[in-house]
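Working notes, beginning with the structure itself.
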Amino acid sequence: MTIISKTAGGLSLFSCLSDMHKTAVLSSNNEYTKASADTFIETSLASQKANYVSYKDAKRKNWLLKNNFMGGINETYGRIKGYFKGFFSTGVRYIPNFILSLGAIIPKNKVVANISALGLGLVEIWDFIKNSSGIFERNDYLNLK
């Protein structure tokens with residue numbers, strides 16, 4: 001049973017890390033899009049305002065708007081921030097999985113490894129019931145109360 005326990009722990013650990021990465025990529029893309037839109041709006045508003053009328057300043061502001069000045073920096077920062085935000089917010093959800101996976105992989109004691117693998121199975125079953133099946137989720141949105 002130890003090989004099964006260690007395999008289950010390894011697969012669960014891989015599954016958690018894979019999900020954390022994929023969620024982080026989604027969050028990174030969302031933050032990139034938000035940063036891009038925010039930068040465009042800020043630059044657009046800034047190009048429309050002036051302390052006094054000046055042809056030279058108007059040309060510069062239009063050039064900054066057209067070339068999306070500072071957009072690349074803000075978008076890159078948004079991507080990085082979004083990735084770490086998504087990775088760690090998902091990682092918090094998988095703390096029990098990490099502990100049980102490591103409990104199934106690391107110990108040489110078969111009893112500890114098997115108990116950890118059984119606990120891991122229960123956590124995965126509960127996750128499936130709660131998050132995938134929709135049993136404990138509100139689904140009566142069409143019924144107005």
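Along the sequence shown, residues are numbered consecutively beginning with 1. Keep in mind that this is a model prediction, so the values were computed, not measured.
- Between atom CD1 of residue Ile73 and atom OG1 of residue Thr39 there is a gap of 9.5 Å, rounded to the nearest 0.5 Å.
- Linking ILVMFWY residues whenever their side-chain heavy atoms come closer than 4.5 Å, directly or via other members, leaves Leu11 and Ile4 in distinct clusters.
- Between the OG atom in Ser116 and the CD1 atom in Ile106 there is a gap of 10.0 Å [rounded to 0.5 Å].
- Each of Val112 and Ile99 belongs to its own hydrophobic cluster when Ile, Leu, Val, Met, Phe, Trp and Tyr are linked at side-chain heavy-atom distances under 4.5 angstrom.
- Once rounded to the nearest 0.5 Å, the distance linking CZ of Phe87 with CG of Leu17 reads 6.0 Å.
- Looking at residues two or more places apart in sequence or on another chain, you find no side chain to side chain donor-acceptor pair (under 3.5 Å) involving Ser28.
- A distance of 7.0 Å separates CG in Leu118 from OG in Ser5, rounded to the nearest 0.5 Å.
- Remark: Asn109 pairs with no residue by the side chain to side chain donor-acceptor pair (under 3.5 Å) rule, at least two apart or across chains.
- With sequence neighbours excluded, no residue forms a side chain to side chain donor-acceptor pair (under 3.5 Å) with Asn62.
- The minimum heavy-atom distance between Ala117 and Ala104, with the atom names listed, is N-CB, 4.1 Å.
- Clustering ILVMFWY residues whenever any of their side-chain heavy atoms sit less than 4.5 angstrom apart, transitively, puts Phe98 in the very cluster that holds Phe84.
- Taking a 4.5 Å side-chain heavy-atom cut-off between Ile, Leu, Val, Met, Phe, Trp and Tyr, the cluster of Leu100 extends to Leu120, Val123.
- The distance from the CG atom of Asn30 to the CZ atom of Arg79 is 10.5 Å, given to the nearest 0.5 Å.
- Applying the salt bridge (charged side-chain N to carboxylate O under 4.0 Å, His left out) test to every pair with at least one member in residues 61-75, sequence neighbours left out, gives no pairs at all.
- Lys34 contributes atom NZ, which lies 11.5 Å from atom OG of Ser27 (distance to the nearest 0.5 angstrom).
- Annotation: side-chain contact (heavy atoms from CB on, under 4.5 Å) contacts of Lys110 (sequence neighbours excluded): Thr2, Asn114.
- Between Met20 and Phe88 the shortest side-chain heavy-atom distance does not fall below 4.5 Å.
- When side chains are defined from C-beta on, Asn131 counts as touching Arg93, because their heavy atoms get closer than 4.5 Å.
- Using modelled atom types and a 3.5 Å distance limit, the side chains of Asn74 and Glu42 yield no donor-acceptor pair.
- The shortest non-hydrogen separation linking Ile105 to Gly10 is CD1-N, 3.5 Å.
- Under the 4.5 Å side-chain criterion, counting only non-hydrogen atoms from C-beta, Thr90 is in contact with Tyr94.
- Chaining together hydrophobic side chains whose heavy atoms lie under 4.5 Å apart leaves Tyr32 on its own.
- When the salt bridge (charged side-chain N to carboxylate O under 4.0 Å, His left out) test is applied to Glu31, the partners found at least two apart in sequence or on another chain are Lys81, Lys85.
- Cluster note: Ile41 groups with Leu45 through ILVMFWY side-chain heavy atoms spaced under 4.5 Å, whether in direct contact or through intervening members.
- In terms of the side-chain contact (heavy atoms from CB on, under 4.5 Å) criterion, residue partners of Lys22 (sequence neighbours excluded) are, by chain and number, Ser18.
- Listed by chain and number, the residues in a side chain to side chain donor-acceptor pair (under 3.5 Å) with Thr43 amount to none (sequence neighbours excluded).
- The hydrophobic cluster containing Ile115 also includes Val111, under a criterion of side-chain heavy atoms closer than 4.5 Å among ILVMFWY residues, counted directly or through chains of members.
- Side-chain contact check for Glu124 versus Phe128: every heavy-atom pair is 4.5 Å or farther apart.
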